[in-house]
Amino acid sequence: MALKCGIVGLPNVGKSTLFNCLSSAKAQAANFPFCTIEPNLGVITVPDERLGKLAEIVHPGRIVPATCEIVDIAGLVKGASKGEGLGNKFLGNIRECDAIIHVVRCFEDDNIVREGGNAVNPVEDKEIIDTELQLKDLETIEAQLTKNQKIAASGNKDAKILVNVLETFKEVLEQGKNARSVTFENKEEQQAAHNLFLLTTKPVLYVCNVDENSAKEGNKYSRQIEQIAANEGAEAMIIAAKTEEDIASLESYEDKKLFLDELGLEESGVNRLIKKAYHLLNLQTFITAGEMEVKAWTFQKGWKAPQCAGVIHTDFEKGFIRAEVIKYEDYLKYGSEAAIREAGKLGIEGKDYVVQDGDIMHFRFNV
Ligand SMILES: Nc1nc2c(ncn2[C@@H]2O[C@H](COP(=O)(O)OP(=O)(O)OP(=O)(O)O)[C@@H](O)[C@H]2O)c(=O)[nH]1
Ligand SMILES: [Mg+2]
């Protein structure tokens, strides 16, 4: 399951700058609104120091980290749904994303044009974007309602469920709330809701783009956004995107470390962002370690062994017999699989085992 995140925000707030420091692909980032027109697609490797540590023991042919796809789209403006700016059609590019990264300008710089006026106002910016996402969802809902109302009236059960879901969402969105504020009790309704791929049902991470001096502590603007995010039960974080871009361009690990130290940061914004996204989406990692490769696999927290086996191959899930599990700490402590077995630290687990983050898994299966 490759994770996919979409970046949204007003024009000129630093979306492409953030994209560039996250991904190895490069987007054009420049000081004019609507610099981005066509979406930029990139892949981020999910940083995980455990892979390197295991590789020192196992000496695999290669290390394969988990990846996350990232999409950077054109800036949205007030009235985008009515065709202002570049309109809102490119929001279609993030319909398939698992999460939304909402970049908010929290830096002052008179040289960087701010859409709709000069004073920095992250709260207003955020509301404009939220409204445009909600309006896009309303467009989707209206289209589906027109299509399904007749079918529902003819007695079709699935269409009836869907129409009920659509009407519930519509009501909430028309009040200016996000669709994620609705929860459905019933499984069929949940599925119908999921199948709509609404933008405002996706989990959101607010990224406060601050100036270099605020990289560690944030500033009055980022604190406003953090407060709002907390009220919404959403996550927020601080990144100095421009500075991170400079850090990302450094070649050596030592130089990067030195730069981060100067800013008082322990970890780059990229690492923090990925960790937040994993947390937001309830994702965890299990690892397979063999001579060929040490590899990270992404799964949903709470998944049992067969489901996790299915991440590698559907046959592994179908023919699941058992899982051999080694705890990461034990791997480091004993230094070889043989020593781990001898110490009695190799767990033999059945189909009810709930896989834990960092577990080193070996699946036994039969097809
Ligand atoms: N001072 C300052 N400038 C920044 C910061 N982040 C981005 N910029 C600058 O702001 C300008 C716009 O950045 P982009 O990343 O292109 O913005 P965008 O959101 O992708 O803009 P559109 O594609 O037009 O929607 C560039 O000149 C960046 O160098 C920051 O934290 N501080
Ligand atoms: Mg851009």
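Counting convention: from 1, in listed order, for ligands and their atoms alike.
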Report task. Starting from the C-alpha separation in whole Å, work towards a yes-or-no answer on side-chain contact (heavy atoms from CB on, under 4.5 Å) for Tyr221 and Glu108. Result -> CA-CA 10 Å; Tyr221 302 119; Glu108 285 173 357; 2.4 Å; yes
Donor-acceptor contact present, side-chain [X] to main-chain [Y], <3.5 Å:
X      : Y      : value
Asn219 : Val210 : no
Asn271 : Pro47  : no
Glu244 : Gly269 : yes
Thr17  : Lys242 : no
Asp357 : Thr285 : yes
His313 : Gly310 : no

Salt-bridge criterion met for [X] and [Y] (N-O under 4.0 Å):
X      : Y      : answer
Glu139 : Lys136 : yes
Asp137 : Arg180 : no
Lys78  : Glu84  : no
Asp330 : Lys333 : no

Tell me, which protein residue and heavy-atom name are nearest [atom], and how many Å apart are they?
atom                    : value
atom 7 (C) of ligand 1  : Thr17 OG1, 3.6 Å
atom 8 (N) of ligand 1  : Lys242 CD, 3.8 Å
atom 23 (O) of ligand 1 : Thr36 OG1, 2.8 Å
atom 17 (O) of ligand 1 : Gly14 N, 3.2 Å
atom 26 (C) of ligand 1 : Ala30 C, 3.7 Å
atom 19 (O) of ligand 1 : Lys15 NZ, 2.7 Å
atom 11 (C) of ligand 1 : Asn12 OD1, 3.5 Å

Any N or O of [X] that comes nearer than 3.5 Å to an N or O of ligand 1?
X      : answer
Ile73  : no
Phe34  : yes
Asp72  : no
Gly75  : yes
Ala240 : no

Which bit of [X] gets closer than 4.0 Å to ligand 1, counting heavy atoms only: side chain, backbone, both or neither?
X      : value
Phe107 : side chain
Phe19  : neither
Asp109 : side chain
Ala27  : neither
Cys35  : both
Leu18  : neither
Ile112 : side chain

**Report entry** Winner among Asn31, Leu86, Asp211, Asn209 once heavy atoms are compared against atom 31 (O) of ligand 1
**Finding:** Asn209
**Report entry** Any Gly9 heavy atom less than 4.0 Å to ligand 1
**Finding:** no
Query raised in the report: Could a heavy atom of Thr243 be found less than 4.0 Å from some atom of ligand 1?
Result: no
With a cut-off of 4.0 Å, which atoms of ligand 1 are near a heavy atom of [X]?
X     : result
Pro33 : 24 (O)
Phe32 : 24 (O)
Ser16 : 15 (O), 18 (P), 20 (O)

Report task. Would you mind telling me which of Lys126, Met237, His102 makes a side-chain contact (heavy atoms from CB on, under 4.5 Å) with Ile225? Result -> Lys126
Query raised in the report: Should Leu205 and Leu198 be counted in the same cluster of Ile, Leu, Val, Met, Phe, Trp and Tyr side chains packed under 4.5 Å apart?
Result: no
Requested in this report: Identify which protein N/O/S atoms are less than 2.8 Å from the Mg ion (ligand 2).
Outcome: Ser16 OG, Thr36 OG1
Query raised in the report: Which residue pairs pass the salt bridge (charged side-chain N to carboxylate O under 4.0 Å, His left out) test with at least one member in residues 281-303, sequence neighbours excluded?
Result: Arg62-Glu293
**Report entry** Stepwise side-chain contact (heavy atoms from CB on, under 4.5 Å) test for Glu212 and Glu262
**Finding:** CA-CA 11 Å; Glu212 184 164 318; Glu262 274 172 27; over 6 Å; no
Report task. May I ask you to decide if the ring planes of Phe286 and Phe363 are parallel, tilted or perpendicular, using 30° and 60° as cut-offs? Result -> perpendicular
Query raised in the report: Is it the case that Ser214 and Asp211 place a side-chain donor and acceptor less than 3.5 Å from each other?
Result: yes
Requested in this report: Please assess Glu132 against Leu91 for the test side-chain contact (heavy atoms from CB on, under 4.5 Å), listing each intermediate value before the final yes or no.
Outcome: CA-CA 10 Å; Glu132 292 305 321; Leu91 280 175; 5.5 Å; no
